[in-house]
Amino acid sequence: MTPRHIFTWSPAAIVFDCDGTLMDTERHWQDARSRVFREFGLKPRPGFAERAKGVHYTECGSLMARETGKPQLAEDMAQALLSHFMTLVAEDPVTMPGAAALVRLAARHVPLAVASNCPLDVVEFCLARVGLRSYFAHVVVAGEGLLPKPHPDVYATAVRLCSVRPEDAMAVEDSVTGVESARRAGMRVLGVGPRPAEEGADRADLWLRTLAAPELQAWAHAWADGTAE
């Protein structure tokens with residue numbers, strides 16, 4: 001789908017990623033990872049932050065342990081990572097630019113959901129801290145039979161709960177891992193944030209630097225008001 005086409009299309013539902021898309025939490029995950037490395041007296045290999053982006057925290061713990069030659073510490077590092085992250089979010093919860101405005105506008109017209117690799121209590125805690133939890137009819141996370149992104153499970157489930165066809169729903173993502181998940185679920189995808197350098201970024205229909213982009217906000221108002229072409 002070209003930018004022109006996505007801006008003349010009205011989604012029947014929107015499913016958002018949370019970390020880095022709705023919530024400015026990637027910096028908290030980065031800080032949490034740094035704290036864990038210091039806590040265990042280890043150092044990551046160059047480029048670790050990009051490799052860890054969008055990865056489920058348990059898998060991130062395994063990645064951290066493997067890359068430092070301490071695979072036996074995977075579970076301990078994962079639990080420490082989650083603990084540090086929760087502390088950092090509680091201290092400084094922040095939404096991504098344009099996210100709150102888009103959510104509040106869209107929720108008046110179509111069902112919204114969240115699909116995340118994070119634990120349910122983490123996602124709900126983050127959204128509640130910034131006053132957005134009530135706008136989402138469904139929050140779907142990996143676990144209890146649902147495989148994490150890049151598997152399609154969380155997006156496929158969110159779309160089903162919204163009672164729309166995958167091709168009529170839009171996913172909003174900031175990582176290649178998430179884009180792949182949504183694509184496998186059969187959805188259209190809006191990428192947001194710096195365009196990733198990894199292969200697979202072109203799987204998104206469109207990348208925008210921010211949810212506050214004027215063209216996105218204008219489009220959202222147009223379809224919400226029923227004036228989109």
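Side-chain atoms of D153 never come within 3.5 Å of backbone atoms of L146 as a donor-acceptor pair (strictly under, hydrogens ignored). With hydrogens and angles ignored, the 3.5 Å screen pairs a side-chain donor or acceptor of R129 with a backbone N or O of A90. The closest donor-acceptor contact from the side chain of T25 to the backbone of H28 lies at 3.5 Å or more, if one exists at all. Listed for the W219 side chain is a donor-acceptor partner under 3.5 Å among the backbone atoms of W9. A donor-acceptor contact shorter than 3.5 Å is absent between the side chain of E215 and the backbone of F7.
A salt bridge does not link E39 to R35: none of the charged nitrogens lies less than 4.0 Å from a carboxylate oxygen. For D205 and R183, the salt-bridge test passes: some basic side-chain N is under 4.0 Å from an acidic carboxylate O.
A heavy-atom distance below 4.5 Å is found between the side chains of P148 and E59. A 4.5 Å side-chain heavy-atom check between M187 and V15 finds at least one atom pair inside the cut-off. The closest side-chain heavy-atom distance from D92 to R27 is below 4.5 Å. A 4.5 Å side-chain heavy-atom check between T68 and M64 finds every atom pair outside the cut-off. Side chains of S181 and H151 form no contact here, defined as non-hydrogen atoms less than 4.5 Å apart. Residues V140 and S116 are not in side-chain contact: their nearest non-hydrogen atoms beyond the backbone lie 4.5 Å or more apart. With contacts defined as side-chain heavy-atom distances shorter than 4.5 Å, the pair V122/Y57 does not qualify. Contact check for C162 versus V159: no side-chain heavy atoms found under the 4.5 Å cut-off.
Here the OG atom belonging to S134 is positioned 8.5 Å from the CZ atom belonging to R104, to the nearest 0.5 angstrom. Taking CG of D19 as the start and CG of D24 as the end, the distance is 10.0 Å to the nearest 0.5 Å. Atom CG of L63 sits about 9.0 Å away from atom CZ of R33, to the nearest 0.5 Å. Taking CG from D168 and OG from S163, the interatomic distance works out to 12.5 Å, rounded to the nearest 0.5 Å. Going from atom SG of C18 over to atom CD of E124 covers 10.5 Å, rounded to the nearest 0.5 Å. The CE atom of M77 lies 13.5 Å from the OG1 atom of T58; values are rounded to the nearest 0.5 Å.
Hydrophobic clustering keeps M23 apart from L88 (ILVMFWY residues linked when any side-chain heavy atoms are closer than 4.5 Å, directly or through intermediates). There is no path of hydrophobic side-chain contacts, each under 4.5 Å, that joins V179 to L211. Taking hydrophobic clusters as Ile, Leu, Val, Met, Phe, Trp and Tyr residues chained together by side-chain heavy-atom distances below 4.5 Å, L206 does not share a cluster with Y155. Both V103 and L127 sit in one connected hydrophobic cluster of ILVMFWY residues. Membership requires side-chain heavy atoms under 4.5 Å apart, directly or through other members. Taking hydrophobic clusters as Ile, Leu, Val, Met, Phe, Trp and Tyr residues chained together by side-chain heavy-atom distances below 4.5 Å, V89 does not share a cluster with L132.
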* To do: Check the pair F125 / R133 against side-chain contact (heavy atoms from CB on, under 4.5 Å), numbers first and verdict last.
  => CA-CA 8 Å; F125 174 77; R133 176 61 186 89; over 6 Å; no
| message | Would V189 and R203 count as a side-chain contact (heavy atoms from CB on, under 4.5 Å) here? Give the steps. | response | CA-CA 8 Å; V189 187; R203 295 272 282 159; over 6 Å; no
- request: Show your working on side-chain contact (heavy atoms from CB on, under 4.5 Å) between T157 and R160 and close with a plain yes or no.
  value: CA-CA 5 Å; T157 300; R160 177 177 56 79; 3.5 Å; yes
| request: Could you walk me through whether K149 and E180 pass salt bridge (charged side-chain N to carboxylate O under 4.0 Å, His left out), step by step? | output: CA-CA 8 Å; K149 304 171 188 178; E180 182 64 22; over 6 Å; no
Problem - Verdict with supporting geometry, L190 and L208, side-chain contact (heavy atoms from CB on, under 4.5 Å) - result: CA-CA 8 Å; L190 172 65; L208 293 175; 4.0 Å; yes
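Of all the heavy atoms in V110 and A12, the pair that sits closest is CB-O, 3.7 Å. Between V114 and L22, the shortest heavy-atom distance links the atoms CG2-CD1, 4.0 Å. The shortest heavy-atom contact between R195 and W207 is NH1-CD1, 2.8 Å. Minimum heavy-atom separation, A32 to H84: CB-CB, 3.8 Å. Closest approach of S175 and G178 over heavy atoms only: OG-N, 3.0 Å. Pairing each heavy atom of I14 with each of P11, the nearest pair is CG1-CG, 4.0 Å.
Within 6.0 Å of CD on Q72 lie more than 12 heavy atoms contributed by other residues, nucleotides or ligands. Around atom CD of E75, no more than 12 heavy atoms belonging to other residues, nucleotides or ligands sit under 6.0 Å away.
The aromatic rings of F16 and F136 sit perpendicular, their planes meeting at an angle over 60°, well past the 30° parallel limit. Ring geometry, W29 versus F85: the interplanar angle falls under 30°, so the pair is classed parallel (tilted spans 30 to 60°).
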